[in-house]
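Step one of this worksheet: look at the structure below.
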Amino acid sequence: MSRFILALVLGSTALPVALGAQDPFEIVVYGDETTPRSTWEMEGHFNYVASGTTSPDGTVAPTKHQAHVALELTRGLTSNWEVGVYALGAYRPDNGLEYAGWRLRSRVRLPEAWRLPVDATLGAELEFTQAPYDENAAGLEIRPTLGKRFGRVQIDLNPV
């Protein structure tokens with residue numbers, strides 16, 4: 001197991017210095033577990049774009065020096081199903097703090113009784129974002145998550 005961990009650490013040092021994010025409001029890899037039944041969770045996702053675009057891309061504002069926040073409230077409905085809602089906010093140097101949109105997410109964990117080779121969830125996220133922050137006013141994303149535990153090491157993959 002120590003060779004596996006060493007390989008992960010060494011492999012991660014080979015990553016490029018700058019990584020591009022797919023979503024300006026949330027950079028998270030969901031695990032393969034859902035929020036337990038009758039439990040509330042509150043998360044905050046914050047990121048800052050130090051060196052982004054400097055001119056508009058259609059209706060999308062330049063990203064340089066933008067700050068984004070996503071506040072997420074999640075509730076476990078059953079032992080395998082959770083629902084979450086996000087409020088999105090952003091700061092642009094010329095516009096100040098702005099409301100940027102909202103999202104609704106539902107995620108289901110596949111039953112362990114199915115004895116799949118990996119743990120898996122399937123999530124659907126409905127998004128409504130303001131024009132300066134996304135070229136699409138509305139969107140739907142369906143996202144699988146795969147995970148596997150090896151002793152004390154957990155590996156999760158969002159193949160989107």
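Side-chain atoms are counted along with the backbone in the values below, which use heavy atoms only and exclude waters and symmetry mates. Being a predicted model, the structure only gives us computed values, none of them experimental.
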Is there a side-chain contact between [X] and [Y], using heavy atoms and a 4.5 Å cut-off?
{"X": "K148", "Y": "L157", "answer": "no"}
{"X": "T34", "Y": "V108", "answer": "no"}
{"X": "P36", "Y": "S79", "answer": "no"}
{"X": "Q130", "Y": "L88", "answer": "no"}
{"X": "R75", "Y": "V83", "answer": "no"}
{"X": "T74", "Y": "R105", "answer": "yes"}
{"X": "L73", "Y": "W40", "answer": "yes"}

In Å, rounded to the nearest 0.5 Å, how long is the span from [atom1] of [X] to [atom2] of [Y]?
{"X": "H68", "Y": "R92", "atom1": "NE2", "atom2": "CZ", "answer": "9.0 Å"}
{"X": "L104", "Y": "L140", "atom1": "CG", "atom2": "CG", "answer": "10.5 Å"}
{"X": "I155", "Y": "L146", "atom1": "CD1", "atom2": "CG", "answer": "12.0 Å"}
{"X": "Y91", "Y": "H65", "atom1": "OH", "atom2": "NE2", "answer": "10.5 Å"}
{"X": "E41", "Y": "E43", "atom1": "CD", "atom2": "CD", "answer": "6.0 Å"}
{"X": "E127", "Y": "E141", "atom1": "CD", "atom2": "CD", "answer": "8.0 Å"}

Main-chain N/O of T53 paired with T63 side-chain donor or acceptor, under 3.5 Å: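 Side chain of T63 to backbone of T53: a pair is present.
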Worked check of side-chain contact (heavy atoms from CB on, under 4.5 Å) between R149 and D119: CA-CA 9 Å; R149 180 168 293 283; D119 296 321; 5.8 Å; no
What's the shortest heavy-atom distance between L116 and L110, and which atoms?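 That would be CD1-CD1, 3.8 Å.
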Minimum heavy-atom distance P62-P56, with the two atoms named: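 So the two residues come closest at CG-N, 3.7 Å.
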Stepwise side-chain contact (heavy atoms from CB on, under 4.5 Å) test for N158 and R143: CA-CA 7 Å; N158 293 156; R143 173 189 303 183; 4.2 Å; yes
Y133-Q66 side chain donor-acceptor pair, cut-off 3.5 Å: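 Note: Y133 and Q66 side chains miss the donor-acceptor criterion.
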Step by step, would you call T129 with N136 a side-chain contact (heavy atoms from CB on, under 4.5 Å)? CA-CA 7 Å; T129 308; N136 301 309; over 6 Å; no
F128-Y99 co-clustered via ILVMFWY side chain contacts under 4.5 Å: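 Linked within one cluster.
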Look at the side-chain heavy atoms of Ile, Leu, Val, Met, Phe, Trp and Tyr, link any pair under 4.5 Å apart, and say whether M42 and V85 land in one connected group.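 Looking at the clustering, V85 is in the same group as M42.
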A quick test of your reading: do over 12 heavy atoms of other residues, nucleotides or ligands sit less than 6.0 Å from CH2 of W102?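 Buried by this count: over 12 neighbours within 6.0 Å.
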Can you tell which of E33, E82, R107 makes a side-chain hydrogen bond (donor to acceptor under 3.5 Å, both in side chains) with T121?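 So, applying the side-chain hydrogen bond (donor to acceptor under 3.5 Å, both in side chains) to T121 and each of E33, E82, R107, only R107 qualifies.
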